[in-house]
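Here's the structure, in structure tokens; my notes come after.
Quick note on labels: first sequence line is chain A, next is B, and so on, each numbered from 1. Both backbone and side-chain heavy atoms feed into the values below; hydrogens, waters and symmetry mates do not.
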Amino acid sequence: MPESNFNTALYTALMLIPAGSVVTYGQLAHLAGRPGAARWAGAVLRTLPEHSSLPWHRVVAAGGRIALPNEAGAEQRRRLEAEGVVFRGNKVSLNHLFESP
DNA sequence: AAGATGACAATAC
DNA sequence: CGTATTGCCATCT
């Protein structure tokens, strides 16, 4: 298995995100133990299997923006709304951010 | 080994 | 609110 221990940390952090809340890539990377590695977090999610039990859809870009392309982004948005997350335009209502104000 | 890549972030204008 | 620029980190070619 070519996966490093780093990925496991990110997976674990992602599992800790409660339904109805969202996290930014930066926050996720920070929780995984690599603050500033927001880019790396996105790379990991990108390689994530579609049948993964991980709530990848709870991960958004800074400010609650959807970073995924058209179809994937629409899918993510739909999943989030199904969990009770409210969208404002193309962004998530900042009220749902994990560890938010 | 060096450079290019990317589901990012923050700042500047 | 939009685009442009810079910084950051790990992986791939």
Side-chain angles (χ1 to χ4, degrees):
Chain A
M1 33 227 348
E3 309 274 293
S4 300
N5 211 9
F6 291 140
N7 284 21
T8 306
L10 191 137
Y11 294 148
T12 305
L14 186 55
M15 277 188 255
L16 298 176
I17 308 304
S21 299
V22 292
V23 252
T24 67
Y25 294 94
Q27 299 257 322
L28 189 61
H30 183 75
L31 290 170
R34 265 160 208 89
R39 246 183 144 123
W40 162 76
V44 175
L45 296 177
R46 205 236 305 163
T47 59
L48 211 58
E50 297 180 9
H51 292 284
S52 178
S53 348
L54 298 167
W56 59 269
H57 53 259
R58 282 181 207 154
V59 187
V60 292
R65 191 167 50 106
I66 297 294
L68 275 87
N70 315 304
E71 281 306 310
E75 172 102 15
Q76 180 180 20
R77 172 178 176 163
R78 175 191 266 174
R79 279 169 177 263
L80 287 174
E81 287 204 302
E83 290 189 351
V85 176
V86 180
F87 270 73
R88 217 220 323 165
N90 258 22
K91 303 185 190 74
V92 187
S93 260
L94 306 171
N95 280 18
H96 300 280
L97 282 173
F98 185 63
E99 282 185 334
S100 97

Sub-3.5 Å pairs of nitrogen or oxygen atoms, protein against nucleotides 2-6 of chain C:
none

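- Every residue two or more places apart in sequence or in another chain that forms a side chain to side chain contact (heavy atoms under 4.5 Å, CB included) with Leu48(A) is listed here: Tyr11(A), Leu45(A), Ser52(A), Leu54(A), Trp56(A).
- Within the structure, salt bridge (Lys or Arg N to Asp or Glu O under 4.0 Å) contacts touching residues 53-73 of chain A (residues at least two apart or in different chains) are Arg58(A)-Glu83(A).
- Put simply, the side chain of Val85(A) does not reach to within 4.5 Å of the side chain of Ser93(A), judged on heavy atoms.
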For nucleotides 7-13 of chain B, give me one character per nucleotide, 5' to 3': B if any protein heavy atom sits under 4.0 Å from the base, S if the only such contacts are to the sugar-phosphate, - if neither. BBS----
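- Rounding to the nearest 0.5 angstrom, the gap separating the CG atom in Leu68(A) from the NE2 atom in His57(A) is 12.0 Å.
- For the side chain to side chain contact (heavy atoms under 4.5 Å, CB included) test, no residue two or more places apart in sequence or in another chain qualifies with Arg46(A).
- Nearest heavy atom pair, residue His96(A) against residue Val86(A), reads NE2-N, 3.4 Å.
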Would you list the atom pairs, donor with acceptor, under 3.5 Å between side chains in residues 22-44 of chain A and any protein atom, with sequence neighbours excluded?
from     : atom 1 : to       : atom 2 : distance (Å)
Thr24(A) : OG1    : Gln27(A) : N      : 3.2
Arg34(A) : NH1    : Ala32(A) : O      : 3.3

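- For Arg34(A) and dC9(C), the CZ to P distance is 11 Å, given to the nearest whole Å.
- Here the straight-line distance linking atom CZ of Arg77(A) with atom CD1 of Ile66(A) works out to 8.5 Å at 0.5 Å rounding.
- Distance CG (Asn7(A)) to C1' (dC9(C)): 13 Å, rounded to an integer number of Å.
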Give each protein N/O atom lying under 3.5 Å from an N/O atom of nucleotides 1-4 of chain B, with the pair distance.
none

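- Taking Thr12(A) as the reference, Thr8(A) meet the side chain to side chain contact (heavy atoms under 4.5 Å, CB included) condition, with sequence neighbours excluded.
- Rounding to the nearest 0.5 angstrom, the gap separating the CG atom in Leu14(A) from the OG atom in Ser53(A) is 10.5 Å.
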